[in-house]
Peer 1: 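Got a structure here, written out as structure tokens. Questions coming.
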Amino acid sequence: MSGIVNFINNKKFLKNNINNYSRVNFSFYKYFYVKDVIKMKNKFQKCFKKLNIFGRIYISQEGVNVQANILKKFFNKMKKYIYKFDINLNKIYINIGLDNFKQSFFKLKIKIKKKLVSDNLNIDNFYKNYQKKYLNSVQVNDFLNDKSVIFIDVRNYYEYKIGHFKKAISIYSLTFRDQLENIIKYIKTYKKNKIVIYCTGGIRCEKIAYLMNFHGYKKVYQIYGGIIGYVNDCVKKKIPIKFLGKNFVFDFRLYETISKDILSNCHQCNQSSDYYVNCMNNKCNLLFIQCLSCSKIYQSFCSKKCYIEK
Ligand SMILES: [Zn+2]
Ligand SMILES: [Zn+2]
């Protein structure tokens, strides 16, 4: 739901092509209590129309979810507006879609919805009755050494694949909605254990932690600031960083190398590699891992078939 499908992981490809297109795809979401949804809708409507933004915006009492595109020249202007919509949106992290060949939307639709994600949660209780438990980096490292503590990586599988905490498990899901349901389904056996959940910056965990609590998991912990927060806190406190591999990020850096461990393998030859590519065949567009030698043979195609068909 966070618009994480719009990226491509080939810097050269990007550099050569991004300037050919004048619009940029972007997305962001946040859970926070929206007191007046109509007022919030009007703010988006006014600003987004003025700046000629196309997209799909959901506004709910539990937050906002924005997937859209904008003329590049207006991007910074838009950010300034959004930051002022609500204190909760100040400095909000905006995912920039890197695959900007394909415009994400051609119309502007702003909808008021009961929920950002379809689930059976009572939103009134979401903010009031749940005491969240956050871990700092020292506590995370302690929990990593404790065999009884379960770590769940709640990001997408492709993010997990190139970097995660060693003992973390991934709940394979194609969408956030699936994931919410799958987590509850798959971890029943750990109901009595302490469970640590984490994502890139902590946003997904806000909802998942609440949902788990709702389903009777009483010992759920979130990593403060997600992976990014954890790493920064380790550096600050000069303690060992236990996250392995790369942290997938949704900006032009593509990922941050946290440790030199390579956790994944080339899609084509199985050699260890963690370099993501989107298949250059537009009909395929598969996101896959390709090692350097295969990238010479196949270019940025996932298979000979895609290479020939191009
Ligand atoms: Zn290879
Ligand atoms: Zn392909």
Side-chain angles (χ1 to χ4, degrees), residues 1-27 55-56 67-69 95-106 153 155-166 168-179 182 200 227 243-310:
M1 64 165 279
S2 64
I4 38 203
V5 280
N6 290 330
F7 60 84
I8 211 159
N9 208 338
N10 184 331
K11 279 185 185 164
K12 223 189 202 169
F13 175 75
L14 256 178
K15 248 188 198 164
N16 291 340
N17 294 292
I18 200 147
N19 296 326
N20 296 340
Y21 193 68
S22 60
R23 297 187 83 89
V24 61
N25 298 325
F26 67 93
S27 65
R56 191 184 61 205
Q67 291 174 291
N69 62 72
N95 287 333
I96 296 170
L98 303 181
D99 185 5
N100 288 310
F101 282 124
K102 296 172 198 152
Q103 187 169 325
S104 54
F105 297 93
F106 295 87
D153 189 315
R155 298 172 301 158
N156 295 294
Y157 187 66
Y158 60 79
E159 299 170 76
Y160 170 84
K161 218 166 156 183
I162 60 165
H164 51 256
F165 288 102
K166 197 173 182 181
I169 53 172
S170 172
I171 309 288
Y172 186 80
S173 316
L174 289 173
T175 64
F176 187 53
R177 185 178 165 177
D178 280 352
Q179 197 179 42
N182 287 346
T200 311
I227 296 160
F243 187 90
L244 306 176
K246 294 183 167 72
N247 179 34
F248 208 109
V249 293
F250 300 95
D251 58 39
F252 288 96
R253 296 167 299 158
L254 308 171
Y255 53 75
E256 301 162 319
T257 301
I258 295 177
S259 81
K260 285 187 177 136
D261 305 273
I262 295 173
L263 308 183
S264 48
N265 303 311
C266 173
H267 172 77
Q268 278 140 343
C269 74
N270 214 32
Q271 184 185 304
S272 100
S273 169
D274 55 7
Y275 187 72
Y276 267 120
V277 190
N278 267 108
C279 179
M280 290 281 278
N281 185 329
N282 279 342
K283 276 181 224 150
C284 172
N285 204 32
L286 177 75
L287 179 72
F288 66 102
I289 291 168
Q290 191 170 51
C291 73
L292 281 178
S293 48
C294 285
S295 93
K296 275 177 198 146
I297 303 166
Y298 296 94
Q299 314 279 324
S300 288
F301 293 91
C302 79
S303 60
K304 278 196 179 122
K305 190 173 164 269
C306 277
Y307 183 77
I308 295 161
E309 269 181 14
K310 73 186 160 162

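For ligands, and for the atoms within them, numbers begin at 1 and follow the listed sequence. This structure is a prediction, so every number in the text was calculated from the model and none was measured. Count residues from 1 along the sequence.
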Peer 1: Please check this pair: side chain of Tyr160 against backbone of Ala168, looking for a donor-acceptor N/O pair closer than 3.5 Å.
Peer 2: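 Confirmed, Tyr160 side chain pairs with Ala168 backbone.
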Peer 1: Is the backbone of Asn265 close enough, under 3.5 Å, to the side chain of Ser273 for a donor and an acceptor to pair up by distance?
Peer 2: no
Peer 1: Pull up every protein N/O/S atom sitting under 2.8 Å from the Zn ion (ligand 1), skipping waters.
Peer 2: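 Correct list: Cys266 SG, Cys269 SG, Cys291 SG, Cys294 SG.
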Peer 1: For Phe105, enumerate each residue passing the ring pair (Phe, Tyr, Trp, His ring centres under 6.0 Å) test, keeping only those at least two apart in sequence or located in another chain.
Peer 2: none
Peer 1: Are Ile227 and Arg155 close enough that some pair of their side-chain heavy atoms sits under 4.5 Å apart?
Peer 2: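 A side-chain contact under 4.5 Å exists here.
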Peer 1: Is a donor on one side and an acceptor on the other found under 3.5 Å between the side chain of Tyr276 and the backbone of Tyr158?
Peer 2: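 Checking the backbone N and O of Tyr158 against the side chain of Tyr276, a donor-acceptor pair under 3.5 Å is found.
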Peer 1: In chain order, what residues pass the side chain to side chain contact (heavy atoms under 4.5 Å, CB included) check against Asn182, with sequence neighbours excluded?
Peer 2: Ile171, Ser173, Asp178, Lys185, Tyr186
Peer 1: Do you know which two heavy atoms are closest between Ser300 and Gln290, and how far apart they sit?
Peer 2: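 Heavy atoms only, the tightest pair is CA-OE1, 3.8 Å.
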Peer 1: Using modelled atom types and a 3.5 Å cut-off, is there a donor and acceptor pairing between side-chain atoms of Gln179 and backbone atoms of Asn156?
Peer 2: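 Absent.
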Peer 1: Protein N, O or S atoms less than 2.8 Å from the Zn ion (ligand 2), ignoring waters?
Peer 2: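 Only Cys279 SG, Cys284 SG, Cys302 SG, Cys306 SG fall inside 2.8 Å of the Zn ion (ligand 2).
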Peer 1: Would you mind telling me which of Lys246, Lys161, Lys260 makes a salt bridge (charged side-chain N to carboxylate O under 4.0 Å, His left out) with Asp274?
Peer 2: Lys246
